[in-house]
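To start, the structure itself, in structure tokens.
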Amino acid sequence: MKTDFDALVIGAGFAGLYMLHRLRQLGFSARVLEAGGGIGGTWYWNRYPGARCDIESLEYSYQFSPELQQEWRWTERFATQSEILRYIEHVADRFDLRRDIQLDTRVTAARFDDRSGTWEVESERGTVTARFVIMATGCLSSTNVPRFPGLDSFAGGTYHTGRWPHEGVDFTGRRVAVIGTGSSAIQSIPLIAAQAAHLTVFQRTPAYSIPAHNGPIDPEFLREVKGDYAGFRTRNAALPFGANFPLNETLVSQATPEEREREYESRWQRGGLGFITAFGDLLLDRDANATAADFVRRKIREIVKDPAVAERLSPKQILGCKRLCVDSGYYATFNRPNVTLVDVSETPIEAITPRGVRVAGVVHEVDAIVFATGYDAMTGALAAIDLRGRGGRSLREKWAAGPRTYLGVGTAGFPNLFIITGPGSPSVLSNMVPAVEQHANWIGDCLAWLRAKGLDRIEATTAAEDAWVDHVNEVASLTLYPSCNSWYLGANVPGKPRVFMPYLGFPVYVMKCDEVAANGYEGFETTANGWAGRAPRRR
Ligand code: N01
């Protein structure tokens with residue numbers, strides 16, 4: 001059956017844009033459907049004060065075009081949201097992507113037609129058909145706003161960090177509540193505190209945060225990277241998180257207390273997420289982890305003047321078990337006279353009232369509430385679409401007890417459906433941009449292979465999927481990751497099954513994907529339907 005496009009890509013963030021480019025290069029016809037009024041995904045929506053990336057700009061960027069890498073000039077070590085969005089807009093223009101992107105088009109459903117082996121994708125704007133559907137819907141795009149009783153009764157303004165008004169919000173002279181203390185809160189709190197009359201932070205779990213020490217990119221480092229960008233990328237891809245976090249393989253027990261202190265201090269001074277690779281066993285051994293956690297708690301006590309507040313800000317869980325945060329002046333913000341920290345770990349938020357936030361019978365009066373309450377991570381955006389595979393099977397139902405994928409890229413029962421950085425792939429435990437490029441390249445190669453072989457249907461087998469899910473769980477169980485209530489486990493969303501979703505180990509994962517491809521897409525079943533044989537379109 002003839003379809004409107006060879007492939008439909010859902011989402012125009014980093015993943016969708018590059019997928020479109022790759023599909024075009026391979027001669028496939030494609031269209032991107034995007035819910036937002038602009039491109040950029042995360043960087044289109046997350047405009048809260050202080051929003052920036054906590055992976056360094058030189059590596060949180062595409063590598064598919066050496067010219068682009070050389071030309072683009074990042075101004076800061078950690079780029080702001082607006083600079084990243086400018087970069088994405090530039091990429092869209094430079095590679096002429098916009099003509100195949102349809103904005104303001106929220107996909108509501110997609111159905112696989114068994115007979116024709118094609119997909120029908122539905123949005124408010126009608127139905128489009130394609131042989132393949134590629135979900136580039138993002139890992140952290142479906143916002144989580146807890147259902148606090150009385151939420152709708154609040155008289156002031158409410159904002160979620162991930163849906164920030166484009167015109168910005170002026171908090172001058174206002175009393176503001178921030179609920180949550182994850183990465184988004186930690187970035188926005190210092191700026192909101194500097195502007196608002198008063199800021200009340202509602203903290204359920206304190207987070208470990210490492211200073212960013214952000215600033216202009218060191219010109220010498222920039223020269224070095226640009227002198228051998230490909231080498232820089234290759235070296236980073238070989239590291240466990242696929243990012244330039246220098247790996248010290250020494251175990252904590254092999255270092256003296258002085259050596260440990262020196263290592264932690266130098267990582268703290270360097271700033272950023274590389275703190276987590278200070279020793280080889282920080283995410284494997286509780287005692288080892290405790291030494292790093294103690295170091296950060298000491299830093300918090302040094303920065304925060306009121307010992308009681310410092311104690312409340314000090315996390316107790318395993319360091320790195322919830323995603324590590326990176327900040328600019330977060331802990332010091334609690335020294336300001338206009339900032340109050342309310343601990344809601346033992347006494348949860350009871351309700352939102354017309355005038356504020358009620359905890360333990362006390363209403364904290366505010367004029368605005370910022371929900372920095374995170375996302376229905378990894379599965380939320382997929383579950384928001386009524387995806388129906390073979391025989392009308394629903395993805396929501398299939399994943400009711402937790403997501404099941406093969407390599408995070410395919411799922412049994414859903415032929416010709418690909419997921420970019422889906423659950424079961426390194427995704428959020430890696431540098432996202434190289435991770436999406438790796439997936440988009442792999443998917444593009446797979447489609448080209450199918451075409452060359454005269455095949456037009458591909459589906460992960462249940463056996464391969466079962467083995468992969470077991471493997472993902474087994475790897476996670478060897479680490480300390482499952483030990484706390486993180487969004488990696490879905491633990492932040494009430495009722496969500498507790499399953500560790502990302503795959504740990506970017507380099508091993510890439511090898512596995514390459515091996516699967518080299519072995520004729522081992523673990524996938526392929527068939528021919530009739531589309532095959534058409535001459536590839538070249539642009
Ligand atoms: O969300 P989060 P986020 N009552 O889930 C709290 C990426 N990111 O938007 O920990 C009270 O981390 C919740 O408490 P608890 C990054 O991967 C990247 O900050 O569940 N509190 C937590 O404190 C990050 O990890 C950048 O106990 C409630 C907070 O809300 C991910 O996005 C920047 C609550 C949510 O924290 C998500 O970060 C920003 C309730 N009922 C984000 N429900 C970069 O720099 C939830 N909370 C790249």
Side-chain angles (χ1 to χ4, degrees), residues 13-14 41-43 45-57 59-60 76-81 84 138-149 151 159-164 177-189 200-210 212 214 241 243 272-273 313 315-317 320-328 330 341-352 357-359 369-378 380 421 427-433 435 484-496 501-502:
F14 267 109
T42 285
W43 304 105
W45 297 106
N46 278 264
R47 296 169 190 245
Y48 58 84
R52 59 174 75 241
C53 188
D54 57 15
I55 302 271
E56 298 191 27
S57 326
E59 39 174 342
Y60 191 82
E76 290 175 87
R77 181 178 172 202
F78 297 105
T80 58
Q81 171 271 334
I84 300 171
C139 297
L140 294 157
S141 49
S142 176
T143 54
N144 169 46
V145 178
R147 295 202 184 104
F148 296 116
L151 187 56
Y159 311 94
H160 188 284
T161 50
R163 290 287 179 276
W164 204 258
V178 171
I179 301 179
T181 50
S183 297
S184 305
I186 278 176
Q187 289 184 333
S188 57
I189 280 170
T200 309
V201 177
F202 295 86
Q203 171 190 269
R204 186 165 69 181
T205 313
Y208 292 96
S209 188
I210 311 298
N214 189 31
F241 295 96
L273 296 169
L313 284 169
K316 309 287 182 290
Q317 72 273 13
C321 168
K322 281 172 181 278
R323 190 178 179 282
L324 211 53
C325 300
V326 176
D327 72 281
S328 297
Y330 173 66
L341 179 66
V342 178
D343 181 347
V344 295
S345 59
E346 308 268 306
T347 48
I349 293 171
E350 290 164 355
I352 306 292
V357 181
R358 195 173 79 218
V359 178
I369 302 176
V370 174
F371 292 96
T373 42
Y375 298 88
D376 182 353
M378 307 208 70
T421 60
S427 54
V428 293
L429 286 180
S430 65
N431 178 358
M432 285 305 295
V433 184
C484 71
N485 290 327
S486 69
W487 58 254
Y488 297 134
L489 277 164
N492 62 326
V493 175
K496 191 165 172 173
M501 294 180 283

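We count ligands from 1, going down the list as the structure has it; atoms in each ligand are counted the same way. The structure displayed is predicted, hence computed values, not measured ones. What you see below is based on every heavy atom in this structure, not just the backbone, and it leaves out hydrogens, waters and symmetry mates.
- The distance criterion of under 3.5 Å between nitrogen or oxygen atoms is met by S184 with respect to ligand 1.
- Closest of all the heavy-atom pairs between A372 and A185 is CB-CB, 3.7 Å.
- Formation of a donor-acceptor pair under 3.5 Å by the K322 side chain with backbone atoms of W487 is not found in this model.
- When all heavy atoms of G374 and H160 are compared, the closest pair comes out as O-NE2, 3.1 Å.
- Looking at A372, G182, A212, it is A372 that brings a heavy atom closest to atom 35 (C) of ligand 1.
- In this structure, the side chains of W45 and L140 stay at 4.5 Å or more apart for every pair of heavy atoms.
- Proximity of Y48 to ligand 1, defined as any heavy-atom pair under 4.0 Å, is confined to the side chain (atoms from C-beta onward).
- Protein heavy atom nearest atom 25 (O) of ligand 1, with residue, atom name and distance: W487 NE1, 3.0 Å.
- When the heavy-atom distances from atom 4 (N) of ligand 1 to Y60, F148, W43, F202 are ranked, the shortest goes to F148.
- Nearest to atom 46 (C) of ligand 1 by heavy atom, out of R204, M432, Q203, R323, is R204.
- Separating the CG atom in D54 from the CD atom in Q187 is a distance of 6.0 Å, to the nearest 0.5 Å.
- Between N214 and F78, the shortest heavy-atom contact is OD1-N, 2.9 Å.
- Within the structure, the closest approach of N485 to ligand 1 does not fall below 4.0 Å when heavy atoms are considered.
- Looking at ligand 1, you won't find any N or O of T161 less than 3.5 Å from one of its N or O atoms.
- The shortest N/O to N/O separation between Q187 and ligand 1 falls below 3.5 Å.
- The nearest heavy-atom contact from the protein to atom 22 (C) of ligand 1 is T181 N, 3.9 Å.
- Within ligand 1, counting atoms from 1 as listed, the ones closer than 4.0 Å to a heavy atom of G180 are 6 (C), 23 (O), 29 (C), 30 (O).
- Inter-residue side-chain proximity for Y375 and T42 is flagged as unmet; no heavy-atom pair is nearer than 4.5 Å.
- Atoms of ligand 1 found under 4.0 Å from any heavy atom of R52, numbered from 1 in the order shown, are 44 (C), 45 (O).
- The closest protein non-hydrogen atom to atom 10 (O) of ligand 1 is K322 NZ, 2.6 Å.
- The nearest non-hydrogen atom to atom 42 (C) of ligand 1, considering only P494, S188, S183, comes from S183.
- Closest heavy-atom contact between A177 and F202: CB-CE1, 3.6 Å.
- Given atom 1 (O) of ligand 1, the protein heavy atom at minimum distance is G374 CA, 3.1 Å.
- The nearest pair of heavy atoms linking L313 to Y330 is CD2-OH, 4.0 Å.
- The aromatic rings of F371 and F148 sit parallel to each other, their planes meeting at less than 30°, with 60° as the upper class boundary.
- In the vicinity of L140, heavy-atom distances shorter than 4.0 Å reach the ligand 1 atoms 7 (C), 17 (O), 31 (C), 32 (O).
- When every heavy atom of T181 is checked against every heavy atom of I186, the shortest pair comes out as O-CD1, 3.6 Å.
- Listed for the T373 side chain is a donor-acceptor partner under 3.5 Å among the backbone atoms of N144.
- Of the heavy atoms in D54, both backbone and side-chain atoms come closer than 4.0 Å to ligand 1.
- The protein non-hydrogen atom at the shortest distance from atom 27 (O) of ligand 1 is T205 OG1, 2.4 Å.
- Close contacts between ligand 1 and P146 involve ligand atoms 34 (C), 40 (C), 41 (N), 43 (N) [criterion: under 4.0 Å to a heavy atom].
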